[in-house]
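Side chains included, hydrogens not; waters and symmetry mates left out as well; all remaining heavy atoms used. Source: prediction; values computed, not measured.
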Amino acid sequence: MSRRAIAAAAALLPLPALAQQPGQANTPAIVMFLVFIVATMGITWWAARRTKTTADFYTAGGGITGFQNGLAISGDYLSAASFLGIAGMVYVSGFDGMIYAIGFLFGWPVVMFLVAERLRNLGRYNFADVTSYRLGQTRMRVLASSASLLIIALYLIAQMVGAGKLIVLLFGIQYNLAVVIVGALMMVYVGFGGMTATTWVQIIKAVLMLFGASLLAFLVLAGFNFNPDAMLAEAVAIHPTGSAIMAPGSQVSGNPLNALSLGLALAFGTAGLPHILMRFFTVANAKEARKSVIYASTFIGYFYLLTFIIGFGAIAILVRNPAFFEVASNGSFDMIDGLIGGTNMVAVHLANAVGGSLLLGFLAAVTFATIVAVVAGLALAGAAAISHDLYANVFARGRATEKQQLRISRISTVTLGVLAILLGIVFENQNVAFMVGLAFAIAASSNFPVLVLSISWRGCTTRGATIGGFLGLTVAAIWVLLSQTVWVDVFGNAAPITPFPNPGIVSIPLAFIAIWLFSVTDRSKAAVQEREAFTALTVRSQTGIGATSASDH
């Protein structure tokens, strides 16, 4: 269907009452936004009084229950990419937009069966503790922190872009100022409250987001008499690609290697995300870690079902009102490129269309809470990488005091906040789900191979893990840098150097092969000792004997 036909079809559809013009200040949203800020600042003040040690700062003292941690993990995982990005991708490409949701969800069985329990039994603060359990401390921590900081940077871009666009739509202020506000709030939450404050912000946000998305999906279906077929039929009639939005395969037909590469990154990247893996150290034992994964998978799976309804509902409903679009002088508009705020704002506009300013205000405040919570979790993981891995264990070689580590952690938080603001400004026009997909590719290419092989293969050595991990990291990073997304869209070059954006199909196997090759050819004395230490690692990872508990923290 042509864009002119879409505009003509829209003119024949009944227009809902538009309670809020996009880009204008929304009073209910501002009130809810301020309520959230006040409530979370109160939590931060309470948490700051309890945050006295590095264990408190990094892991909330290990006192979080499995159910609480499951909610917090879903709060951490259901980011701006999950809500704004995936809804926007379904709006643009229909069924194929769900490939991200399926990939994000598929990663959780990998986490549950391969790493969750072993991670909790072997580590103390973060996954670098696990990879360095029997391998070389210095090289493993440098590798883990390098990969983690790059992943966190890419993830921060997605969150900051989503937050900036949202606040622009909500308050009508400049994008750059909106990004600064988010960065400043993140610094306060993490710098003062640490993991305790971050966890409770994520729990509150997860509950609100699940409720808000459920309400939005309910109202969308109510508009079609709870008949999904009617909703999908109207979406097919309106969308420029017609029935193609219901046929999976455009991602595959366009470039099968890119689709496979994306799928690999999403499936295995979850088990390499530093801010997610860090959450397993906040519970008392491996049993609670398993519960965390079960609860998180349930909440996340349910949420992604809702994004399907929200994305297709937006196609069927938003085009009824030209006020959501940049309208030409002849009254026509482009339902894809002309959406005010871009396709990342599909869910927010839909809330305005079906629920008016009150639902818009609630959902915008919840989405903002989502972004702030995820950014706080990322900053905390980044602070741990800099303070615990690099400063305490590499530069200070274990001689740093807890007071010094806490000070470095807070300095790192401010530094990461400034970096997040700058990245959010530079990458303003990128789709947030796609940017997170790149972060997953880095995680799957570096952290995942090293983590899995170090705890499951006796032959893995420090030399193999270091070379393989850095090779996967470097290839993935350079591939992304030379892709359409960065080389063309950001740097303005004429054509990309790499044939497709997602590097996983090349970088993931390469990392595994390199770890295997450089491990089996390692005949050093250190390698022999590392292989001998595998038995002790296996006993502890499987039984928990010798693992730290909440009381040990």
Do [X] and [Y] come within less than 4.5 Å of each other through their side chains, counting heavy atoms only?
{"X": "M140", "Y": "D389", "result": "no"}
{"X": "V475", "Y": "P503", "result": "no"}
{"X": "P496", "Y": "L482", "result": "no"}
{"X": "V142", "Y": "S146", "result": "yes"}
{"X": "I73", "Y": "N69", "result": "yes"}
{"X": "P501", "Y": "V480", "result": "no"}
{"X": "V418", "Y": "L422", "result": "yes"}
{"X": "R540", "Y": "L122", "result": "yes"}

Full working for side chain to side chain contact (heavy atoms under 4.5 Å, CB included) between I467 and I515: CA-CA 7 Å; I467 295 174; I515 294 173; over 6 Å; no
With [X], which residues qualify under ring pair (Phe, Tyr, Trp, His ring centres under 6.0 Å), at least two apart?
{"X": "F500", "value": "W479"}
{"X": "F280", "value": "none"}
{"X": "Y295", "value": "F67"}
{"X": "F308", "value": "F312"}

For the pair [X] (side chain) and [Y] (backbone), establish whether a donor and an acceptor sit closer than 3.5 Å, ignoring hydrogens and angles.
{"X": "R141", "Y": "S132", "result": "no"}
{"X": "S454", "Y": "L451", "result": "yes"}
{"X": "R463", "Y": "F518", "result": "yes"}
{"X": "T65", "Y": "Q68", "result": "yes"}
{"X": "R134", "Y": "T131", "result": "no"}
{"X": "S261", "Y": "N502", "result": "yes"}
{"X": "S412", "Y": "I386", "result": "no"}
{"X": "S74", "Y": "L71", "result": "yes"}
{"X": "S409", "Y": "Q405", "result": "yes"}

Which value, rounded to the nearest 0.5 Å, describes the distance between [X] atom [atom1] and [Y] atom [atom2]?
{"X": "T521", "Y": "W516", "atom1": "OG1", "atom2": "CH2", "result": "8.5 Å"}
{"X": "F448", "Y": "F440", "atom1": "CZ", "atom2": "CZ", "result": "13.0 Å"}
{"X": "F470", "Y": "R139", "atom1": "CZ", "atom2": "CZ", "result": "10.5 Å"}
{"X": "L416", "Y": "L380", "atom1": "CG", "atom2": "CG", "result": "10.5 Å"}
{"X": "Q542", "Y": "L537", "atom1": "CD", "atom2": "CG", "result": "9.5 Å"}
{"X": "L150", "Y": "S145", "atom1": "CG", "atom2": "OG", "result": "11.5 Å"}

Within 6.0 angstrom of W457 CH2, more than 12 heavy atoms from elsewhere: yes
Taking only residues two or more places apart in sequence, or in another chain, which ones meet [X] in a side chain to side chain contact (heavy atoms under 4.5 Å, CB included)?
{"X": "L154", "answer": "I157, M435, L438, A439, I442"}
{"X": "A526", "answer": "S524, E530"}
{"X": "I513", "answer": "none"}

Residues in side-chain hydrogen bond (donor to acceptor under 3.5 Å, both in side chains) with [X], at least two apart?
{"X": "S456", "result": "none"}
{"X": "T535", "result": "R458"}
{"X": "N393", "result": "none"}
{"X": "R290", "result": "E117"}

Any donor-acceptor N or O pair under 3.5 Å, side chains D522, T461: yes
Modelled atom types, side-chain donor and acceptor of N121 and S541, under 3.5 Å: no
Proximity of Y77 and W108 rings by center, below 6.0 Å: yes
Anything under 3.5 Å between a donor and an acceptor, one on a side chain of residues 201-211, the other on a protein residue two or more places apart or in another chain? List them.
from : atom 1 : to   : atom 2 : distance (Å)
Q202 : OE1    : R279 : NH1    : 2.9
Q202 : NE2    : D76  : OD1    : 3.3
Q202 : NE2    : D76  : OD2    : 3.2
Q202 : NE2    : A373 : O      : 3.4
K205 : NZ     : G75  : O      : 2.0
K205 : NZ     : L78  : O      : 2.7

